[in-house]
Amino acid sequence: MMKPTVIVVGADKGGVGKTTIARAVLDFLSLNNLQARAFDTETPRGTLYRFHPDETMIVDLTSTADQMKIIDTLNSSQAKVSIIDVRAGGLSPALEALDEIGFFDAVKAGEFRFILLHVIGPSIASLEEIAEIAPYMTDANYFMVKNHVNDTTFFEWDPQTHAKYFEDVHTTGEITIPKLGELAYEQVELAGAPYSTFIANQTAEGEPADHSFVLRGYVRTWLARVADEFERVGLLDLINGAGKGR
């Protein structure tokens with residue numbers, strides 16, 4: 001029987017496109033016939049909830065009652081993958097909360113699987129987050145995610161700088177999210193629908209739409225490239241038990 005997997009998508013820095021990644025993961029899992037549910041911690045109105053209302057619940061990770069809605073239902077939920085889209089600035093507090101309730105001990109014991117998609121920006125401030133979250137990553141599958149969708153330019157850190165920030169954490173891999181053209185990105189935002197729904201030329205309610213063929217093509221190509229990245233790093237294998245905590 002498949003163990004429950006928790007995928008946290010977050011960063012302590014804002015404006016790095018965390019929800020874009022969470023949306024892409026939901027589409028990727030759906031296209032691979034894996035049932036997933038999501039938790040949006042951007043209260044009271046979550047961005048992820050706007051695009052995936054059927055699979056998403058808005059929660060406050062500092063609330064004991066909401067923590068129970070996530071963790072206490074991991075084994076009983078039909079969806080064995082739970083995605084937590086952490087609000088801007090909330091990654092460290094979220095990991096601290098999970099640690100306090102013993103979640104990471106349960107991961108170490110093999111009860112759950114845990115994957116962190118750490119979305120970083122191009123600044124040293126993003127790298128400094130790594131030191132803060134390192135204590136929680138011992139039994140995690142930790143990915144550093146560079147998101148180019150908002151035209152962020154990354155540069156390669158010199159070896160000494162890189163070593164300083166990665167000496168205490170082992171990365172499972174690095175994921176690069178390509179840029180989606182501004183007009184295509186804007187139209188998907190206006191549609192308020194999952195990427196796959198926009199590609200299928202449907203509204204958020206599943207009704208026939210009149211989206212541009214050209215823009216749908218760009219989104220289709222972009223989503224396929226994102227899926228290639230998830231497949232390259234073995235995301236499905238980790239969920240199915242081929243990584244830490246298998």
Side-chain angles (χ1 to χ4, degrees), residues 7-31 36 38-43 45-53 55-56 58 61 83-95 115-130 132-133 142-157 171-199 204 215 218-233 235:
I7 301 176
V8 169
V9 183
D12 280 328
K13 186 179 185 300
V16 292
K18 296 173 294 298
T19 301
T20 297
I21 310 301
R23 288 161 57 193
V25 171
L26 279 170
D27 265 335
F28 175 71
L29 296 178
S30 177
L31 291 169
F39 297 92
D40 189 335
T41 69
E42 190 182 330
T43 56
R45 286 190 292 177
T47 304
L48 182 61
Y49 178 82
R50 175 173 170 251
F51 292 95
H52 291 269
E55 304 99 325
T56 305
I58 298 176
L61 269 183
I83 299 167
I84 303 176
D85 181 16
V86 179
R87 63 176 176 77
L91 180 58
S92 293
L95 295 176
I115 298 169
L116 174 63
L117 302 183
H118 182 196
V119 189
I120 67 161
S123 67
I124 287 288
S126 274
L127 287 183
E128 288 174 344
E129 294 178 21
I130 295 169
E132 295 178 21
I133 66 176
Y142 169 77
F143 291 96
M144 185 173 68
V145 183
K146 293 181 177 179
N147 182 17
H148 292 264
V149 74
N150 55 4
D151 215 17
T152 298
T153 300
F154 292 88
F155 57 91
E156 294 302 318
W157 306 103
T171 57
T172 306
E174 185 176 304
I175 297 171
T176 299
I177 303 298
K179 176 177 170 56
L180 175 61
E182 293 175 4
L183 191 53
Y185 183 88
E186 180 183 89
Q187 288 304 305
V188 178
E189 295 293 305
L190 290 173
Y195 297 114
S196 55
T197 302
F198 181 86
I199 292 167
L215 297 183
Y218 279 124
V219 177
R220 181 186 296 108
T221 300
W222 174 82
L223 190 61
R225 289 174 178 165
V226 173
D228 286 345
E229 276 291 280
F230 291 153
E231 289 175 0
R232 180 184 63 79
V233 300
L235 188 60

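- Remark: Arg232 engages Glu229 in a salt bridge (Lys or Arg N to Asp or Glu O under 4.0 Å) (not counting sequence neighbours).
- The two residues Pro178 and Val226 come nearest to each other via the heavy atoms CD-CG2, 4.0 Å.
- Listed by chain and number, the residues in a ring pair (Phe, Tyr, Trp, His ring centres under 6.0 Å) with Tyr218 amount to none (sequence neighbours excluded).
- With sequence neighbours excluded, the residues satisfying side chain to side chain contact (heavy atoms under 4.5 Å, CB included) with Glu186 are Leu183, Leu190.
- Heavy atoms only, all atoms of each residue included: Ala204 and Gly192 are closest at CB-O, 3.6 Å.
- Closest non-hydrogen pair, Trp222 versus Lys179, comes out as CD1-O, 3.7 Å.
- Taking every heavy atom of both residues into account, Ala193 and Val188 meet most closely at O-CG1, 3.9 Å.
- Atom CD1 of Ile199 sits about 11.5 Å away from atom CG of Leu215, to the nearest 0.5 Å.
- Partners of Thr56 according to the side chain to side chain contact (heavy atoms under 4.5 Å, CB included) rule, which considers only residues two or more places apart in sequence or in another chain, are Ala38, Asp40, Leu48, Tyr49, His52.
- To the nearest 0.5 Å, atoms CG (Leu61) and OG1 (Thr41) are separated by 5.5 Å.
- Phe51 pairs by the ring pair (Phe, Tyr, Trp, His ring centres under 6.0 Å) definition with nothing, not counting sequence neighbours.
- For Glu231, there are no salt bridge (Lys or Arg N to Asp or Glu O under 4.0 Å) partners at least two apart in sequence or on another chain.
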